[in-house]
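Take a look at the structure set out below.
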Amino acid sequence: MQLLRQMLDESDWWPGLDADQQQRVHAAIVVRDIDAGGIFSARGGLVAGWLGVVDGLVKIPIDAPDGRSMTLAGVPAGGWFGEGSVLKDEPRRYDVIALRDSRIAVMPRQTFHWLIDNSPGFSRFLLVQLNERLGHFIAAIEHQRLLGPEGRVARCLAQLFNPQLYPSTRSRLRISQSELGLLTGLSRQRVNQALGRLEELRLLETSYGGVTVVSVEGLDAFEG
DNA sequence: TCATTAAATTGTT
DNA sequence: AACAATTTAATGA
């Protein structure tokens with residue numbers, strides 16, 4: 001996935017817009033390229049709009065008072081996020097960091113609200129997305145302390161494959177083990193071991209530069 | 001198209 | 001954290 005147009009075509013809410021709406025939205029969106037490790041929008045900065053990952057992979061971390069860093073979410077290509085900050089019309093509370101060279105689409109807040117007012121399908125999409133995200137964070141809190149390394153890797157992958165949030169993610173996800181480490185807060189070596197164990201359980205298959213999910217359900221239900 | 005080289009990623013200690 | 005092995009990407013003949 002490289003082009004904005006392609007990403008829009010794969011977004012669930014896009015086909016529901018008429019030609020004029022599509023043209024207007026497409027023209028309003030600005031695309032920015034971010035180098036690996038780069039910060040897209042600093043915490044407290046102005047919210048430019050709703051953000052979509054055209055290409056690459058980003059994470060949304062939060063710093064704890066004791067200095068440790070924890071990842072709230074990882075967003076693969078095809079995913080839209082940041083609707084919470086746009087809806088509340090407040091400064092974004094979290095940094096957005098590119099895990100590898102990424103291309104971010106910015107839908108201006110004005111356009112975002114215009115879509116809510118003019119497209120029932122878009123509003124419906126937002127409701128579903130917000131609901132999915134709520135479940136995501138509840139699960140994250142629930143599992144943070146309960147799961148071991150294997151479990152955290154499993155959940156992380158299951159989240160990246162959430163078809164509701166990220167519909168265009170295919171069974172094979174391009175993500176290196178070190179990137180998974182950044183998402184889960186584990187060392188690359190530990191991720192490597194965890195992946196090996198999950199592969200033994202036939203929940204996924206590892207390959208160079210990525211993993212192929214065999215059973216999303218199995219990963220999501222993994223406990224240990 | 002093929003061979004060579006560099007870079008990225010993985011597996012292991 | 002460091003190292004070697006493997007895979008991919010890039011380059012040029």
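All chains are named by letter (A, B, ...) in the order of the sequence lines, taking the proteins before the strands, and each is independently numbered beginning at 1.
Annotation for Ile97(A) and Pro61(A): closest pair CD1-CG, 3.9 Å, computed over non-hydrogen atoms. Nearest heavy atoms, Gln22(A) versus Leu17(A): NE2-O, 3.5 Å. Residues Leu186(A) and Pro149(A) approach most closely at CD1-O, 3.8 Å, considering heavy atoms.
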N/O-N/O pairs, protein side and nucleotides 1-3 of chain C side, under 3.5 Å:
from: dA1(C); atom 1: N7; to: Gln189(A); atom 2: NE2; distance (Å): 2.5
from: dA1(C); atom 1: N6; to: Gln189(A); atom 2: NE2; distance (Å): 2.3

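Rounded to whole Å, atom P of dT10(B) lies 15 Å from atom CD of Glu205(A). Rounded to an integer number of Å, the gap from Leu204(A) CG to dT10(B) P is 13 Å. Between the CZ atom of Arg100(A) and the C1' atom of dT9(B) there is a distance of 13 Å, rounded to whole Å. For the pair Leu180(A) CG and dT9(B) P, the interatomic distance rounds to 12 Å; values are reported in whole Å.
Residue Asn192(A) places no side-chain N or O under 4.0 Å from the OP1 or OP2 atom of dT10(B). The side chain of Gln177(A) places an N or O atom within less than 4.0 Å of a non-bridging phosphate oxygen (OP1 or OP2) of dG11(B).
Using modelled atom types, one finds no donor on one side chain facing an acceptor on the other under 3.5 Å when comparing Gln164(A) with Gln129(A).
Remark: Arg109(A) is not positioned above the aromatic ring of Trp50(A), lacking an NZ or CZ atom under 6.0 angstrom from the ring centre and at most 45 degrees off the axis.
In terms of position along DNA chain B, the nucleotide closest to Ile175(A) lies nearer the 5' end than the nucleotide closest to the other residue of the pair Gln193(A) and Ile175(A).
With hydrogens and angles ignored, the 3.5 Å screen pairs no side-chain donor or acceptor of Arg100(A) with any backbone N or O of Glu179(A).
Ring pair Phe112(A)/Trp13(A): centre-to-centre distance not below 6.0 Å.
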Where along nucleotides 2-8 of chain B does protein come under 4.0 Å, by heavy atom, of base (B) or sugar-phosphate alone (S), with - for untouched nucleotides? ------B
Which atom pairs, donor and acceptor, lie under 3.5 Å between side-chain atoms of residues 193-202 of chain A and protein residues at least two apart or in another chain?
from: Glu199(A); atom 1: OE1; to: Thr206(A); atom 2: OG1; distance (Å): 3.0
from: Glu199(A); atom 1: OE2; to: Thr206(A); atom 2: N; distance (Å): 3.2

